[in-house]
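Order of the sequence lines fixes the chain letters, A, B, ..., with proteins taken first and strands second; residue numbering starts at 1 for each chain. Below, all heavy atoms of this structure are taken into account, side chains as well, without hydrogens, waters or symmetry copies.
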Protein chains: 2
Amino acid sequence: MRDALVAAAFRLFPERGYEQTTVDDIVALAGVGRRSFFRYFPSKEDVVFPDHERCLADMTAFLYAGGDDVEPVRRVCDAARLVLLMYAENPTFSVQRYHLTKQVPGLRAYELSVVWRYERALAGYLRARFAGLRDGILRADVIAAAVVAAHNNALRAWLRSDGEGDAETTVDHALGHVREAFGTAPAPGVSGGPEDVVVIVSRRGAPLWRVVQELESALGRG
Amino acid sequence: MRDALVAAAFRLFPERGYEQTTVDDIVALAGVGRRSFFRYFPSKEDVVFPDHERCLADMTAFLYAGGDDVEPVRRVCDAARLVLLMYAENPTFSVQRYHLTKQVPGLRAYELSVVWRYERALAGYLRARFAGLRDGILRADVIAAAVVAAHNNALRAWLRSDGEGDAETTVDHALGHVREAFGTAPAPGVSGGPEDVVVIVSRRGAPLWRVVQELESALGRG
DNA sequence: GGGCGCGACGGTACTGAGTTCCGTGTCAGG
DNA sequence: CCTGACACGGAACTCAGTACCGTCGCGCCC
């Protein structure tokens with residue numbers, strides 16, 4: 001029933017556009033009553049994101065499945081990675097939806113509220129992991145936003161390639177930037193970020209010779 | 001006329017709720033025709049964010065008013081700071097709207113699309129400033145998202161205080177975290193982050209003497 | 001001064017999303 | 001055969017948003 005409605009909707013949307021397709025058109029093509037549409041989808045927009053609830057639940061489950069021994073930032077990056085892989089499971093559907101949301105303002109707004117829930121899930125996890133830390137909530141919110149932005153960047157690049165590109169490499173590269181910025185270097189050779197970049201953090205009070213020593217060591221010239 | 005409609009709307013919203021207030025109620029109280037409402041506000045939600053367009057335009061103008069000599073990340077942080085100060089100009093109105101958006105899902109979704117436009121404005125500016133840089137677009141998007149998240153964090157904290165707290169200090173502190181994470185130390189004594197930390201990023205291919213030069217300069221020992 | 005265009009406002013009627021209420025079939029178990 | 005739970009369908013309704021048109025007030029030009 002759900003699947004029949006989604007199938008009918010995505011047969012009509014490409015040919016006459018989202019806004020020009022009424023719910024009556026969809027239910028007529030699916031051969032079901034109008035009332036049944038709103039039983040399965042609270043609004044017309046929801047039919048465009050039919051598996052969003054399940055995907056969000058999967059990501060949340062993944063977050064809390066790992067123990068507290070795994071590094072938090074790495075965990076949320078892996079969660080974002082997981083979401084992108086879910087998108088990549090149905091390339092044609094994802095690309096079709098991308099073209100819809102790109103040109104229908106109403107759907108773009110709805111997509112924002114969808115993405116927002118993912119971001120809040122990530123932030124909630126990080127807030128719990130950062131509990132007690134100085135500015136833990138702020139740090140959690142900022143990192144969650146950065147992770148989502150990196151994920152979206154990679155996702156859109158992949159969608160623009162019509163699902164032909166390498167989604168994994170792209171998202172790992174993007175998330176590598178975030179982990180770099182927030183103090184968790186990607187594992188060597190994992191393909192996150194360019195491998196010829198090294199970050200040194202120093203306190204101003206430290207003696208210069210110690211900083212140079214660390215620097216040479218980090219650059220492999222010691 | 002606009003002001004009359006906004007005033008009427010915000011007299012009705014608190015007493016009977018946003019969704020229970022129809023557009024007809026608003027225009028009846030304002031003493032104008034229903035048609036005129038939609039002349040000034042494309043949708044019912046827009047009356048809740050009456051000065052959003054102006055605020056966005058002001059922020060964009062501020063971004064491009066500074067020359068290319070000012071550091072990009074600092075510039076977008078200052079732009080976010082400017083937005084928060086605009087909110088702080090009308091504390092009672094901002095707090096009232098906060099309570100509305102907090103409990104009406106439809107308004108929260110609309111607010112997301114509003115915030116999204118600010119984020120895209122910041123990202124657009126950063127993309128231009130980072131043009132030609134390796135992963136410039138990705139970096140721009142991630143930093144814009146982080147700045148917006150930090151701004152929102154500070155804004156919500158201030159709104160929860162019913163506009164009584166110190167908005168400037170809060171937002172400076174939050175944005176300091178972002179500037180720390182992305183390699184731009186906050187101005188000395190501004191209260192963002194620990195002031196004795198400096199970050200140097202180097203590519204492995206760079207000559208060591210150049211790196212040490214940058215390092216000495218950053219540490220203020222050159 | 002008298003048409004005259006123009007822009008702002010108001011009213012009517014319409015479309016379509018979303019809701020409410022209710023009738024109908026269907027299948028289980030007693 | 002009766003009955004209660006449940007899924008579906010349909011009619012009628014509310015309200016946001018749009019299209020169309022009529023009206024008023026204003027300056028402007030002949």
Side-chain angles (χ1 to χ4, degrees), chain A residues 1-54 97 100-101 103-114 117, chain B residues 1-54 97 100-101 103-114 117:
Chain A
M1 170 72 69
R2 261 183 74 94
D3 299 345
L5 285 167
V6 173
F10 275 83
R11 270 184 54 195
L12 291 174
F13 289 158
E15 66 186 34
R16 65 175 91 171
Y18 174 80
E19 289 174 313
Q20 276 62 44
T21 306
T22 71
V23 175
D24 294 284
D25 296 335
I26 298 173
V27 297
L29 181 59
V32 301
R34 169 183 168 80
R35 186 64 187 82
S36 295
F37 181 92
F38 291 102
R39 250 189 275 273
Y40 288 95
F41 303 100
S43 78
K44 184 184 169 189
E45 285 111 335
D46 284 293
V47 82
V48 183
F49 304 86
D51 46 5
H52 156 236
E53 292 294 339
R54 185 188 54 75
R97 170 167 58 194
L100 271 181
T101 56
Q103 63 193 20
V104 180
L107 284 182
R108 202 166 48 208
Y110 190 82
E111 189 184 32
L112 288 175
S113 71
V114 168
R117 293 188 57 189
Chain B
M1 169 72 68
R2 262 183 74 94
D3 298 344
L5 285 168
V6 173
F10 274 82
R11 268 184 56 195
L12 292 173
F13 290 158
E15 68 186 32
R16 65 175 92 171
Y18 173 79
E19 290 173 314
Q20 278 62 44
T21 306
T22 70
V23 175
D24 293 285
D25 295 335
I26 299 173
V27 297
L29 181 59
V32 301
R34 168 184 168 77
R35 187 67 187 80
S36 294
F37 180 91
F38 291 103
R39 251 189 273 274
Y40 288 95
F41 303 100
S43 77
K44 185 184 169 188
E45 286 111 336
D46 284 293
V47 83
V48 182
F49 304 86
D51 46 5
H52 156 237
E53 293 293 340
R54 187 188 51 76
R97 170 166 58 193
L100 270 182
T101 56
Q103 63 193 18
V104 180
L107 284 181
R108 202 167 48 209
Y110 190 82
E111 189 184 32
L112 287 175
S113 72
V114 168
R117 293 187 58 187

S.K.: Would you indicate whether the side-chain heavy atoms of A/Phe37 and A/Val32 approach each other to under 4.5 Å?
M.R.: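 No, too far: nothing below the 4.5 Å cut-off.
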S.K.: From CG of B/Asp24 over to P of C/dG10, roughly how many Å is that when rounded to an integer?
M.R.: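 About 13 Å, once rounded to whole Å.
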S.K.: Using whole Å, report how far CZ of A/Phe37 lies from P of C/dG16.
M.R.: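 Checked: the CZ to P distance equals 15 Å.
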S.K.: Just so I know, are the side chains of B/Phe49 and B/Thr101 near enough to count as touching, which here means a heavy-atom distance under 4.5 Å?
M.R.: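 B/Phe49 reaches B/Thr101 side chain to side chain.
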S.K.: From NZ of A/Lys44 over to P of C/dT15, roughly how many Å is that when rounded to an integer?
M.R.: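 That distance rounds to 16 Å.
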S.K.: Taking A/Arg108 for the side chain and A/Gln103 for the main chain, is one N or O donor matched with an acceptor at less than 3.5 Å?
M.R.: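 No, the answer is negative, given that no donor and acceptor are paired below the 3.5 Å cut-off.
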S.K.: How about B/Tyr18 and B/Leu12: do any of their side-chain heavy atoms sit closer than 4.5 Å?
M.R.: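 Contact flag for B/Tyr18/B/Leu12 side chains = no.
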S.K.: Is it true that B/Lys44 and B/Glu19 have a side-chain N and a carboxylate O under 4.0 angstrom from each other?
M.R.: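 So B/Lys44 does not pair with B/Glu19 through a salt bridge.
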S.K.: How many Å lie between CD1 on B/Ile26 and P on D/dC15, as a whole number?
M.R.: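 B/Ile26 atom CD1 is separated from D/dC15 atom P by 12 Å.
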S.K.: Give a yes or no on whether a donor-acceptor pair under 3.5 Å exists between the nucleobase atoms of C/dG7, that is its base, and the side chain of B/Arg39.
M.R.: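 Counting by modelled atom types and ignoring angles, no donor-acceptor contact under 3.5 Å is found here.
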S.K.: Can a side chain N or O of B/Ser36 be found less than 4.0 Å away from OP1 or OP2 on C/dG10?
M.R.: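 True: B/Ser36 side-chain N/O within range (under 4.0 Å) of C/dG10 OP1/OP2.
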S.K.: May I have the distance from A/Asp25 (atom CG) to C/dA17 (atom C1'), rounded to whole angstrom?
M.R.: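 The distance from CG of A/Asp25 to C1' of C/dA17 comes to 13 Å, rounded to the nearest Å.
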S.K.: From the list C/dA17, D/dA16, C/dC9, which nucleotide is the closest neighbour of the side chain of B/Thr22?
M.R.: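 Of the candidates, D/dA16 comes closest.
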S.K.: Write down the distance between CZ (B/Phe38) and C1' (C/dT12), rounded to a whole number of angstrom.
M.R.: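 From B/Phe38 CZ to C/dT12 C1': 15 Å.
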S.K.: Counting distance alone, no hydrogens or angles: does the base of D/dG17 have a donor or acceptor under 3.5 Å from a partner atom on the side chain of B/Arg35?
M.R.: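 Side chain to base: no pair below 3.5 Å.
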S.K.: Can a donor-acceptor pair under 3.5 Å be found between the side-chain atoms of A/Arg34 and the base atoms of C/dG18?
M.R.: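 Counting by modelled atom types and ignoring angles, a donor-acceptor contact under 3.5 Å is found here.
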S.K.: I need the OH-C1' distance between B/Tyr18 and D/dC15, as an integer number of Å.
M.R.: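 Answer to the nearest Å: 12 Å.
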S.K.: Quick one: B/Gln20 CD to D/dC15 P, roughly how many Å, whole number?
M.R.: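 So the CD-P distance, B/Gln20 to D/dC15, works out to 10 Å.
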S.K.: Quick check for you: among C/dG18, C/dC9, C/dG10, whose closest atom lies nearest to any side-chain atom of B/Tyr40?
M.R.: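 For the B/Tyr40 side chain, the nearest candidate turns out to be C/dC9.
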